Amino acid sequence: MAGLINSDDIATVKARSSIEDVVSEHVTLRRSGARLVGLCPFHDEKSPSFGINPAAGFYHCFGCGEGGDVISFVQKVEALSFSEAVERLAQKLGMELRYEDGSARSGQEGSGRRSRLIEAHRVAQEFYADALLNLPGARPARDFMRARGFDGAVAKHFGVGFAPRGGEDLVRALRAKGFTDDELVTGGLAGRGSRGLYDRFRGRLVWPIRDITGDTVGFGARRIFDDDRIEAKYLNTSETPIYKKSTVLYGLDLAKKKIAAERTAVVVEGYTDVMACHLAGVETAVATCGTAFGSDHIKVLRRIMRDEADLAPARVIFTFDGDAAGQKAAMRAFADDQKWSSQSFVAVEASGMDPCELRQAKGDPAVLALVEDAVPMFEFAVRTTIKRFDLTTAEGRVRAATAVAPIVAAIRDQSLRPEYTREVAGLLGLEVEQVLREVSRAGRLTVDSSDDDRRRDRATVDSPEPAPGESGDLMEMPDPRDPVVSAERQLLQVLLQFPQVLKAEAIDMLTPEAFSSPAHRAVFDGIRIARATTSTANTQAWMAAVTEAAARPVGGLVSELAVGTMPTRMDQLTGLPTARYVEELFDRVRTIALTRQIADALSEMRRLDHAAEPSPERTRELGTQLQVLQRELATIKAGMA
């Protein structure tokens, strides 16, 4: 049949292609008897069930059942037809294939669509690289590189280039090489407009995006001219038959041998960060290409790192910006932590610099130190979550415990949970038992992957955000069913409805912090301000002064307390609350406040024990404060008895 590859040539390609070499481009293998084994590239697994027999030239996975020879492996792993797979292998061998129609064609001349697109990208990469080094109009691109510590040799090593500003320069060059307009558009190298084809990338610094075998499959292009009509800082090749961004990692072709040898991968956020890391000696650095790090990227790295459950844990280190977006990315990575057998770490530079900026400012040793000083992903996730809450208050500590509990519950190794629980308790300043209770009833850690926001997947925790009252935006109204709230509410009713009952010196013993509810503190603030300027003899004037002095969000609460009935009998002679009722109420609120202050001090002391930088002076100060508070509490309790 015309056009079919000569059967003898197929046999030669199969015989000359080492299945070990071909498979090793995608999977890190280790010897097990006569076989070589590794993690299967066709399904996700924790322990290796995929193996090859180099002598026989066959592979088989005992997990998913896939198997065959070197040609079928290339077909399956690269999604090619049989002919395309043979042509791909022949191209790597530098072999000329014969076809049944009598022609003899090299891999470039007679290859299938994928090979043609790969070749077009190879030619485009060479074109861009030459333009960067030699084109006068590329000077701003060269200046950009030099400003970041990258010279011509570095540009050549990473294949960095420049897309001329003309708009049709690459199209003309590729047409001259025999590529069709359809191939240029299909490959994402050109677009089709009303006046014909135009270069997809124009006037930008260009990085070649290579697949794991080293073939260029796409480009990332950075804006460098202020008059660039496209505002986006980066443009990336759209998905094509040869480029799927969710499975490609920039720099993996250069890093895979080191990653396999060290069983470590460093995931950074940009092309220049990868370059800076490699130049600084962190040759395991890779980056995603215009998308979030996700499940398919994990599968690729796991196969290279030999991320196997029965081996010592491999290491994956994420570097994130110190801003809110970086923290969200870290939490998303933690949500995917279950998909690894490896240990995950996070490296964030204290001042927020990325690896490229850090290398410029402090040199190669600083980049190495950044990676070496990475903290466990769990610790970073916990500390990032805790930052949202005010740990100086009991409410903040409880909410923080509820928020971090799903993180502790998500830890793969259950034997580590008790120790991590103790660590979290120390960071929060809570008793271990309290954190354990929260962990036992924690919600699941999930990833929001909605269709309308798939590009910005973010890790979410099924736990409450800080209460509106804590953020200062709104005033959360207290729950009167809470016994503590009830006591505070009754005392405020006394102060509003019968301001003459308590003497000024008694009221001075109270502070706004004596009230647990922010709304109650605001009402008491209004009472204190009003007392300084208004007589309590005129009830209407008194209430008007308190309403004016109190914060606007609690105006309704002031009126509610002013007219509400108190749960006690009044003195029949005076019509006032009994002295005993008022004294017990006053002592109860003070007792609750002192108990809370003691708990806050103890909590801070526990947190100082777990702080990165201990503060002996503050610890001594807290110790003295505790003694004073405890004596005062004992005195009140003795009087109540």
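It should be emphasised that the depicted structure is a prediction, and the values quoted were computed from it without experimental measurement.
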Q: Check the pair Arg202 / Arg165 against side chain to side chain contact (heavy atoms under 4.5 Å, CB included), numbers first and verdict last.
A: CA-CA 5 Å; Arg202 303 179 297 280; Arg165 306 193 76 183; 5.6 Å; no

**Q.** Closest contact, heavy atoms only, Arg30 versus Pro48
**A.** NH2-CG, 3.7 Å

Q. Asp44: what forms a side chain to side chain contact (heavy atoms under 4.5 Å, CB included) with it, not counting sequence neighbours?
A. Lys299, Arg302

Q. Does any non-hydrogen side-chain atom of Thr213 lie less than 4.5 Å from one of Asp253?
A. no

Q.
Any non-hydrogen side-chain atom of Ser115 less than 4.5 Å from a side-chain atom of Gln91?
A. yes

Q) To the nearest 0.5 Å, what is the distance between OG (Ser72) and OH (Tyr59)? A) 3.5 Å

**Q.** Worked verdict on Arg114 versus Asp215 for salt bridge (Lys or Arg N to Asp or Glu O under 4.0 Å)
**A.** CA-CA 11 Å; Arg114 178 182 174 84; Asp215 287 330; 5.7 Å; no

Q: Take Arg210 and Val248 through the test side chain to side chain contact (heavy atoms under 4.5 Å, CB included) and record every step on the way to the result.
A: CA-CA 8 Å; Arg210 296 172 174 138; Val248 175; over 6 Å; no

Q. So Glu308 and Leu39, side chain to side chain contact (heavy atoms under 4.5 Å, CB included) or not? Walk me through it.
A. CA-CA 8 Å; Glu308 302 168 15; Leu39 294 174; 3.9 Å; yes

Q. So which heavy atom on Gly220 is nearest to which on Ile209, and how close?
A. N-CD1, 3.8 Å

Q: Quick one: closest heavy-atom pair of Gly203 and Phe225, and the distance?
A: O-CD1, 3.1 Å

Q | Flag side-chain contact, heavy atom, 4.5 Å: His157 against Leu254 | A | yes

Q. To the nearest 0.5 Å, what is the distance between SG (Cys40) and CZ (Phe50)?
A. 6.0 Å

Q: Please check if the side chain of His297 supplies one atom and the backbone of Ser246 the other of a donor-acceptor pair under 3.5 Å.
A: yes

Q) Rounded to the nearest 0.5 Å, what separation is found between the CG atom of Leu189 and the CZ atom of Phe201? A) 7.5 Å

Q. Can you name the closest pair of heavy atoms from Gly251 and Val286 and give their distance?
A. C-CG1, 4.0 Å

Q.
Are the side chains of Val408 and Phe378 in contact, using a 4.5 Å heavy-atom criterion?
A. yes

Q: Could you tell me whether Asp21 and Lys92 have a side-chain N and a carboxylate O separated by less than 4.0 Å?
A: no

Q) Can you pull the side-chain hydrogen bond (donor to acceptor under 3.5 Å, both in side chains) pairs that have at least one residue in residues 359-370, sequence neighbours excluded? A) Arg359-Asp364

Q | Test item: His26 side-chain N/O and Ile212 main-chain N/O as donor-acceptor pair under 3.5 Å | A | no

Q: Would you check if Tyr243 and His121 make a side-chain contact, meaning some heavy-atom pair closer than 4.5 Å?
A: no

Q. In Å, rounded to the nearest 0.5 Å, how long is the span from CZ of Arg399 to OG1 of Thr385?
A. 15.5 Å

**Q.** Main-chain N/O of Arg35 paired with Ser32 side-chain donor or acceptor, under 3.5 Å
**A.** no

Q | Short side-chain to backbone donor-acceptor contact, Asp373 and Ala347, under 3.5 Å | A | no

Q | salt bridge (charged side-chain N to carboxylate O under 4.0 Å, His left out) partners for Glu126, two or more places apart | A | Arg122

Q) How far apart are the closest heavy atoms of Cys356 and Asp273, and which atoms are they? A) N-OD1, 3.1 Å

Q) Going from OG1 on Thr319 to CE on Met353, what distance comes out if it is rounded to the nearest 0.5 angstrom? A) 13.0 Å

Q: Would you give the length of the straight line joining atom CD1 of Ile52 to atom NE2 of His60, rounded to the nearest 0.5 angstrom?
A: 14.0 Å

Q. Going through the distances and angles, do Val77 and Val22 end up as a side chain to side chain contact (heavy atoms under 4.5 Å, CB included)?
A. CA-CA 10 Å; Val77 81; Val22 172; over 6 Å; no

Under 3.5 Å, which donor-acceptor pairs do the side chains of residues 229-238 form with other protein atoms, sequence neighbours left out?
{"residue": "Asn236", "atom": "OD1", "partner": "Tyr271", "partner atom": "OH", "Å": "2.5"}
{"residue": "Thr237", "atom": "OG1", "partner": "Phe219", "partner atom": "N", "Å": "2.8"}
{"residue": "Thr237", "atom": "OG1", "partner": "Phe219", "partner atom": "O", "Å": "3.3"}

Q | Residue Asp227 excluded, over 12 heavy atoms near CG under 6.0 Å | A | yes

Q) What's the shortest heavy-atom distance between Leu391 and Leu427, and which atoms? A) CD1-O, 3.7 Å

Q: Kindly indicate whether the side chain of Tyr420, heavy atoms from C-beta on, has any atom under 4.5 Å from the side chain of Ile407.
A: no

Using atom types as modelled, flag every donor-acceptor pair under 3.5 Å from a side chain in residues 141-150 to any protein atom, sequence neighbours excluded.
{"residue": "Arg142", "atom": "NH1", "partner": "Leu132", "partner atom": "O", "Å": "2.8"}
{"residue": "Arg142", "atom": "NH1", "partner": "Leu135", "partner atom": "O", "Å": "3.0"}
{"residue": "Asp143", "atom": "OD1", "partner": "Arg146", "partner atom": "NH2", "Å": "2.6"}
{"residue": "Arg148", "atom": "NH1", "partner": "Phe144", "partner atom": "O", "Å": "3.2"}

(Q) So Val274 and Trp207, do their side chains get closer than 4.5 Å, heavy atoms only? (A) no

(Q) Whether the side chain of Arg303 engages the backbone of Arg306 through a donor-acceptor N/O pair (distance < 3.5 Å, no angle test) should be reported. (A) no

(Q) Applying ring pair (Phe, Tyr, Trp, His ring centres under 6.0 Å), can you list everything that pairs with Phe127, at least two apart in sequence or on another chain? (A) none

Q.
Measuring centre to centre across the rings, with the benzene-like ring taken for any Trp, is Phe318 within less than 6.0 Å of Phe380?
A. no

Q.
Using a 3.5 Å distance criterion without hydrogens, assess whether the side chain of Thr28 forms a donor-acceptor pair with backbone atoms of Ile304.
A. yes

Q. Under a 4.5 Å cut-off applied to non-hydrogen side-chain atoms, are Phe293 and Ile298 in contact?
A. yes

Q.
Between Arg116 and Glu183 (salt bridge meaning N to carboxylate O under 4.0 Å), is one present in this structure?
A. yes

